[in-house]
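Only one structure is covered here, and it is reproduced in the block below.
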Amino acid sequence: MTSGVKMGQIEWAMWANEQAIVSSSIIILGGILGVAGFFKGWEIGIYAIVAGVLVFIFEYPRGKRLKGRTQERMFQKYFTKLLSCCGPVSRNYFIRFIMHLILCIPIMNVWIFLQAAFKGEEWKPVGLEEKTESTAKLDAKSFRQPKMPPPRAPPSANQI
């Protein structure tokens, strides 16, 4: 388990998750271009597509932040339910580090997941808990658009 997050402390797992989404998208795109262009070694493009899609599915749901609120991604609940069924395999960042290393996605997210694992972080599902009245009111209240513009000081003689 992790201790509380101190002010200014980086949550490495959140950063690694964003890096993994971007890198898997790039790997998928590269695989598609490799297969569609029938370049030399285009068979590797098929592997890149499959590996990229697996990583994307595994990394799409954001984990719950240790402090503060977590913004869910669109359609995250379906992937979150899938990962929650995997138990410690999906929560442990050492396992994610090994998975990314084996799938040969040698971009920064591999090392960031290792850093998150050493810091004791783990993935926690977000969005599966039921909202209470107080959190629902807080969510609705915090995202309302203002109805009136802020007050402005009357122009002084120097500004006219």
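Closest approach of Tyr47 to Ile102, counting heavy atoms only: OH-O, 3.8 Å. Ala13 and Phe113 make their closest contact through O-CE2, 4.5 Å (heavy atoms, listed as atom of the first residue, atom of the second, distance). The minimum heavy-atom distance between Ser24 and Gly52, with the atom names listed, is CB-O, 3.5 Å. Shortest non-hydrogen contact noted between Tyr93 and Glu121 is CD1-O, 3.1 Å. Residues Trp123 and Ser90 come closest through the heavy atom pair CB-O, 3.9 Å. Closest heavy-atom contact between Val55 and Ala20: CG1-O, 4.2 Å.
Taken from CZ in Arg91 to SG in Cys86, the straight-line distance is 10.5 Å, to the nearest 0.5 Å. Interatomic distance, Trp12 CH2 to Lys119 NZ, rounded to the nearest 0.5 Å: 7.5 Å.
By the rule that hydrophobic residues join a cluster once side-chain heavy atoms approach within less than 4.5 Å of another member, Phe79 and Val126 end up as members of separate clusters. In the hydrophobic cluster analysis, where Ile, Leu, Val, Met, Phe, Trp and Tyr join through side-chain heavy atoms closer than 4.5 angstrom, Phe56 is grouped together with Ile49.
The side chain to side chain contact (heavy atoms under 4.5 Å, CB included) check on Leu82 picks up Ile57, with sequence neighbours excluded. Residues forming a ring pair (Phe, Tyr, Trp, His ring centres under 6.0 Å) with Phe58 (at least two apart in sequence, or on another chain): none. Contacts of Phe118 classified as ring pair (Phe, Tyr, Trp, His ring centres under 6.0 Å), with partners at least two apart in sequence or in another chain: Phe94. Residues satisfying the side chain to side chain contact (heavy atoms under 4.5 Å, CB included) test with Leu33, not counting sequence neighbours, are Leu29. Residues passing the side chain to side chain contact (heavy atoms under 4.5 Å, CB included) test with Ala48, sequence neighbours excluded: Ile27.
Counting side-chain heavy-atom gaps under 4.5 Å among Ile, Leu, Val, Met, Phe, Trp and Tyr, the cluster of Val50 also holds Leu54. Side-chain contacts under 4.5 Å among hydrophobic residues (ILVMFWY), followed directly or transitively, place Ile44 with no other residue at all.
Between Phe97 and Leu101, the closest side-chain pair of non-hydrogen atoms falls below 4.5 Å. Inter-residue side-chain proximity for Glu122 and Asn92 is flagged as unmet; no heavy-atom pair is nearer than 4.5 Å.
Residue pairs that meet the salt bridge (Lys or Arg N to Asp or Glu O under 4.0 Å) test with at least one member in residues 49-59, sequence neighbours left out, are Glu59-Arg96. The list of salt bridge (Lys or Arg N to Asp or Glu O under 4.0 Å) pairs with a residue in residues 14-34, not counting sequence neighbours, reads Glu18-Arg62, Glu18-Arg73. The side-chain hydrogen bond (donor to acceptor under 3.5 Å, both in side chains) pairs that include a residue from residues 76-87 number zero, where partners must be two or more places apart or lie in different chains.
Ring geometry for Trp42 against Phe38 counts as perpendicular: the plane angle is over 60°, on a 0 to 90° scale with 30° as the lower cut.
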